[in-house]
Trainee: 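Supplied in structure tokens, the structure appears directly below.
Proteins come first, then strands; the chains are lettered A, B, ... in the order of their sequence lines, and each starts at number 1.
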2 protein chains.
Amino acid sequence: MPAPSSVAAAEQTSRDKILDAAEGLFAKRGYAAIGLRELAEVVGLGKSSLFHHFRTKAQLYAAVTARILVRIEARLVRSLAAGGDPLVRLERWLDDLVDLLAENPTYARVLLRSLFEDDDLPGDLPEEIEGRRAIGDMMAAVGGLLREGMGAGLFRAVHVNHFLLTLVGVTVFPFASGEFGAEVLGKDLFDPTEVRRRKREVRALLRSGLVARASR
Amino acid sequence: MPAPSSVAAAEQTSRDKILDAAEGLFAKRGYAAIGLRELAEVVGLGKSSLFHHFRTKAQLYAAVTARILVRIEARLVRSLAAGGDPLVRLERWLDDLVDLLAENPTYARVLLRSLFEDDDLPGDLPEEIEGRRAIGDMMAAVGGLLREGMGAGLFRAVHVNHFLLTLVGVTVFPFASGEFGAEVLGKDLFDPTEVRRRKREVRALLRSGLVARASR
DNA sequence: AGTGCTCCCGACCGATCGGTCGGTCGCGGA
DNA sequence: TCCGCGACCGACCGATCGGTCGGGAGCACT
């Protein structure tokens, strides 16, 4: 490796270029639909060079998803750890999650695809397991947060695990929904003002649901 | 066609058997990962026979998704049309949607995959367009319902289009989430008692959000 | 008996798949 | 100077891909 450039980024290792390109392609079209020839061409390498960095296609895929899952965990566990009452922490976690998904358009897709396709792929490479652990840990932490809020009387009595699924569905799904989401919305979901709106709606949903106060 | 069996079902045309098998396979592993040889074997036909019923693989896929989308629309537009105030109608729509997804485990996956993969496939077969129309119409109807409820002061002022995405995320995503959902939940999401719980949580979310009444 | 039609099949096509192999090139260390 | 080594490549492999083709079995109608 040449001395890490002081100019930062700009200079990427081939391995990282492969991971980045693969992330984009897998996100858009899925594991099975991407051929290694196509990927190699996007990266600007010969196809056989890919095998110098990753033993198999499945291995490469696992590396792509694990990298994302670990990054997500790394950033979001921090926002969970910061202070505040459970509602504050939960809302900060959701805000950060939405920001993360909005800033990295590939993440939501890769996340959902990794849920869909895990039945599929040849089992259990080490990075796959690491990725699962990262997400599992984070979900458990949010679950604890919900329980804490309920214990303090701050939250109503929710079914914690179902509520976790709800939270994921409310945040991850829209950013993975592609053309459908854009069509429903009439705008690009990744536009900063739409991201802001999305966060506001999620927060409002937590705080008061849909039904107007006056009507009950 | 031999006289339609009075014994009902049991006797299926080859075309329907192909559609059913393809639905299951596409739902589980996606378009690109399913080979026509495998599909033909599941159906119990020779591979070339598939081409007697569908001109191409893409055409077959479009037929599979369109059938589901139209079925969903057919059932859910009815539940929207039935009477009641906007909240009652919205909750009935959500209940029926959840029931539909729970009774047909392939639907949620096919739905989400059709959102993901539409960038992908060779453009615009007629059944594809018909499927899109069905879903688009339904989403528009629900949007109208939200607006009606807001106009009547029943609902708080939501951003209608964002809220539509929320509703889809809350209902469709969990049933598509496969092993992840089961792991978070600790149980099979398609189990009747979990389905009931899911509906209850969705309704509670609409009615009061997460935050306890007393705390504001 | 013959004709036409639906349904189905095995054999085959060119293309592409993931992966292997032998080898070239440039660079850092001895 | 030479060596070892990481990075890279083109050519090639068997397998599988979606799709075509010609034909056969069964049935209805004349």
Trainee: Any side-chain hydrogen bond (donor to acceptor under 3.5 Å, both in side chains) involving residues 188-203 of chain A? Give me the pairs, sequence neighbours left out, ordered by first then second residue.
Mentor: A:D95-A:R203, A:D99-A:K199, A:D191-A:T193, A:E194-A:R197, A:E194-B:H162, A:R197-B:H159, A:R198-B:H162, A:R198-B:T166
Trainee: Sorted by first residue and then second, give each salt bridge (charged side-chain N to carboxylate O under 4.0 Å, His left out) pair with at least one member in residues 68-83 of chain A; sequence neighbours left out.
Mentor: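 Found A:E73-A:R133, A:R75-A:E103.
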Trainee: Answer with base, sugar-phosphate or nothing: what part of the nucleic acid does B:L39 contact at a heavy-atom distance below 4.0 Å?
Mentor: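 If one applies the 4.0 Å heavy-atom cut-off, B:L39 turns out to touch nothing in the nucleic acid.
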Trainee: Would you kindly give the CZ-to-C1' distance between A:R37 and D:dT16, to the nearest whole Å?
Mentor: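 To the nearest whole Å, that distance equals 12 Å.
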Trainee: In whole angstroms, how far is the P atom of C:dC7 from the CD atom of B:Q12?
Mentor: 15 Å
Trainee: For C:dC8 and B:S14 - does any side-chain N or O of the residue sit under 4.0 Å from the phosphate oxygens OP1/OP2?
Mentor: yes
Trainee: Heavy-atom contacts under 4.0 Å between residues 43-53 of chain A and DNA chain C, which residues?
Mentor: A:K47, A:S48, A:F51
Trainee: Could you give all pairs that pass the side-chain hydrogen bond (donor to acceptor under 3.5 Å, both in side chains) test and reach residues 37-58 of chain B, with sequence neighbours left out?
Mentor: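 Residue pairs passing side-chain hydrogen bond (donor to acceptor under 3.5 Å, both in side chains), neighbours aside: B:R29-B:E38.
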Trainee: Please give, in whole Å, the distance from C:dT16 C1' to A:K57 NZ?
Mentor: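 The distance from NZ of A:K57 to C1' of C:dT16 comes to 12 Å, rounded to the nearest Å.
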Trainee: If you take all heavy atoms of A:L164 and A:G143, which pair is closest and at what distance?
Mentor: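 Taking every non-hydrogen atom into account, CD2-N, 3.9 Å.
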Trainee: Can you measure B:K17 atom NZ to C:dC7 atom P for me and round it to whole angstrom units?
Mentor: 13 Å
Trainee: What's the CZ-P distance between B:R55 and C:dC7, to the nearest Å?
Mentor: 16 Å
Trainee: Got a sec, which residues hit side chain to side chain donor-acceptor pair (under 3.5 Å) with A:N104, two or more places apart in sequence or on another chain?
Mentor: none
Trainee: Rounded to the Å, how far apart are B:L60 CG and D:dG19 P?
Mentor: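 Distance, rounded to whole Å: 10 Å.
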Trainee: B:E38 has an atom CD; how far is it from atom P of D:dG18, in whole Å?
Mentor: 10 Å
Trainee: Tell me: CZ of A:R29 to P of C:dT16, nearest whole Å?
Mentor: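 From A:R29 CZ to C:dT16 P: 13 Å.
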Trainee: Test of understanding: with ring pair (Phe, Tyr, Trp, His ring centres under 6.0 Å), list the residues that count as partners of A:F26, not counting sequence neighbours.
Mentor: A:Y31, A:Y61
